[in-house]
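Notes follow once the structure below has been shown.
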Amino acid sequence: MNTSKRRFPAEWEKQEGILLCFPHNGKDWPGKYEAIQWAFVEFIKKVSTFERVFLIISDEIQREKVNQLLATAEIKLEQISFIIHKTNRSWMRDSGPIIVKNENKREALNFNFNGWAKYTNINLDKLVPAKVSDFLQLPLSQVLYKGKPVIIEGGAIDSNGCGTLLTSEECLMHPDIQVRNPNFTKEDYEAVFKEYLGITNVIWLGDGIEGDDTHGHIDDLCRFVTKDTIITIVESDPKDNNYKPLQDNLKRLQKAKLENGKSPKIVQLPMPKRIDFDGLRLPASYANFLILNKCVLVPTFNDSNDRLALNIISDCFPDREIIGISAIDLIWGFGTLHCLSQQIPA
């Protein structure tokens with residue numbers, strides 16, 4: 001039984017807009033900063049066609065530069081709301097607030113970003129939830145458990161809006177990265193999910209994909225596309241390091257139950273061929289799509305599977321336009337469209 005007054009809306013529910021942060025340096029994309037700026041402009045253009053963009057920029061000087069870029073791309077500036085706040089990085093899915101409904105009123109949650117338990121330069125990012133909630137004039141709640149802050153990134157969780165949540169053991173339970181929440185058990189996490197997100201049922205996947213800097217974020221693995229349908233990535237090459245963990249995840253999903261006790265429908269999504277750059281394998285995944293009002297933006301990778309992925313996702317969203325966005329430069333930062341954005345429910 002769910003006694004929480006909070007509810008974590010599904011991403012396909014009505015949105016006021018999308019939170020993005022324009023990069024003010026190239027640290028997340030070394031050597032590709034010029035290309036990344038234009039990739040961002042294209043991303044903003046597509047989102048702003050369908051809804052408002054809440055765009056974090058570092059200062060007035062950057063605002064002027066970004067305005068020029070947006071004007072060059074003929075983006076309607078009335079669709080852009082600027083929030084001035086300097087950040088350490090641009091990954092709003094993880095440092096931004098998660099907005100839930102509390103007795104049907106919006107509430108922003110601060111899940112205490114700590115740089116994926118990896119990076120120490122986070123002092124500016126830690127202030128993003130307060131800055132955004134203040135701009136949106138929403139109450140902000142600190143997520144606590146037994147009096148201590150809880151650390152969970154937005155990319156680690158996905159909701160069907162009805163009480164079921166997807167997450168992964170590698171991200172939340174791996175012994176090497178328990179510095180997120182030391183000594184937490186699955187029961188501890190599920191108690192947090194219930195109190196703050198209204199979740200009564202958690203589906204735990206295993207490991208994430210090779211090259212994922214976040215250790216198994218769910219938004220690179222599988223996503224709800226309706227309240228009872230889950231799309232999940234699979235690797236077709238048995239010799240690839242992703243083959244076994246993704247098969248394990250598929251088997252877990254096939255045995256899983258929803259909050260109503262029924263089995264979810266499972267849709268399989270291919271992986272792009274392996275992408276290596278400067279000695280690193282990059283975590284390219286079609287599951288990192290972003291659902292907008294009347295549209296789904298899908299990362300593409302100059303790959304023959306791009307078309308397959310777009311068609312499969314299109315079948316999942318018959319009432320939405322499906323648009324591919326080249327993410328071949330963005331993925332050098334170890335994430336793409338969903339990682340960079342955070343939806344603001346209406």
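Residue numbers start at 1 and run along the sequence shown.
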Test side chain to side chain contact (heavy atoms under 4.5 Å, CB included) on Phe82 and Asn67; report intermediate values, then the result. CA-CA 10 Å; Phe82 288 102; Asn67 259 332; 3.6 Å; yes

Salt-bridge present (Arg7, Glu13; N to O < 4.0 Å)
yes

Note to self: Between Arg281 and Asp240 (salt bridge meaning N to carboxylate O under 4.0 Å), is one present in this structure?
What the structure shows: yes

- prompt: Can you check whether Asn302's main-chain N or O pairs, donor with acceptor, with Thr300's side chain at less than 3.5 Å?
  reply: no

Exercise for review: Kindly determine whether Phe111 and Asp94 satisfy side chain to side chain contact (heavy atoms under 4.5 Å, CB included), including the steps that lead there.
Suggested key: CA-CA 9 Å; Phe111 270 98; Asp94 298 338; over 6 Å; no

Nearest heavy-atom contact between Ser168 and Ile218 is N-CD1, 4.2 Å

Of all heavy-atom pairs linking Pro345 and Lys101, the shortest is CB-CE, 4.4 Å

Would you sort out whether Asn201 and Thr164 count as a side-chain hydrogen bond (donor to acceptor under 3.5 Å, both in side chains), showing the intermediate values? CA-CA 5 Å; Asn201 182 53; Thr164 296; 3.1 Å; yes

Problem - More than 12 heavy atoms from other groups under 6.0 Å of NZ on Lys244 - result: no

Compute whether any side-chain donor of one residue and acceptor of the other, for Asp220 and Asn288, lie under 3.5 angstrom apart. yes

ask   = So, is the end of the Lys32 side chain (NZ or CZ) under 6.0 Å from the ring centre of Phe277 and within 45° of the ring's axis?
value = yes

CG (Leu253) and CD (Gln268) are apart, to the nearest 0.5 Å, by 10.0 Å

Query raised in the report: Hey, are Lys118 and Asp213 close enough for a salt bridge, meaning a charged N less than 4.0 Å from a carboxylate O?
Result: yes

Exercise. Is the count of non-hydrogen atoms from other residues, nucleotides or ligands lying under 6.0 Å from Leu77 atom CG greater than 12?
Worked result: yes

| task | Indicate, with yes or no, if Ile122 and Val132 share a hydrophobic cluster defined by side-chain heavy-atom contacts under 4.5 Å among Ile, Leu, Val, Met, Phe, Trp and Tyr. | result | no

> Could Lys46 and Glu42 be called an ion pair, given the rule that one side-chain N must be under 4.0 Å from one carboxylate O?
Replying inline: yes

Does a sphere of radius 6.0 Å around CD in Gln137 hold more than 12 heavy atoms from other residues, nucleotides or ligands, not counting ones at 6.0 Å or beyond?
no

Would Arg274 and Asp276 pass as an ion pair if we require N to O under 4.0 Å? yes

Test ring-ring contact (aromatic ring centres under 6.0 Å, His included), reference Trp91, set Phe113, Tyr119, Trp29, output is Trp29

Problem set entry | Pair Glu210-Asn242, side-chain hydrogen bond (donor to acceptor under 3.5 Å, both in side chains): steps then yes or no | CA-CA 6 Å; Glu210 190 176 24; Asn242 285 324; 5.1 Å; no

>> Between Phe184 and Tyr145, is the ring centroid distance below 6.0 Å?
In response: yes

Next item on the list: Test Ser141 against Asn110 for side chain to side chain contact (heavy atoms under 4.5 Å, CB included), laying out the working first.
Entry: CA-CA 6 Å; Ser141 298; Asn110 181 357; over 6 Å; no

Worked check of side chain to side chain contact (heavy atoms under 4.5 Å, CB included) between Phe317 and Ile313:
CA-CA 7 Å; Phe317 295 97; Ile313 293 169; 3.9 Å; yes

For Ile291 and Trp12, the nearest pair of non-hydrogen atoms, with its separation, is CG2-CA, 3.8 Å

* Asked: Quick one: do Glu103 and Arg6 make a salt bridge, cutoff under 4.0 Å?
  -> no

Same cluster or not: Val47 versus Val298, using hydrophobic residues (I, L, V, M, F, W, Y) connected whenever any side-chain heavy atoms lie under 4.5 Å apart? yes

Is the distance between the ring centroids of Phe8 and Phe193 less than 6.0 Å?
no

Quiz prompt | Salt bridge Asp125-Arg89, side-chain N to carboxylate O under 4.0 Å | solution = yes

Correct closest heavy-atom pair for Gln62 and Pro23 would be NE2-O, 3.1 Å

Closest non-hydrogen atoms of Pro97 and Pro129, given as atom of the first, atom of the second and distance, are CD-CA, 3.8 Å

For Pro149 and Asn181, the nearest pair of non-hydrogen atoms, with its separation, is O-OD1, 4.1 Å

Tested for side-chain hydrogen bond (donor to acceptor under 3.5 Å, both in side chains) against Arg180, the lone hit among His174, His215, Glu153 is Glu153

Problem - Presence of salt bridge, Arg252 and Glu169, under 4.0 angstrom - result: yes

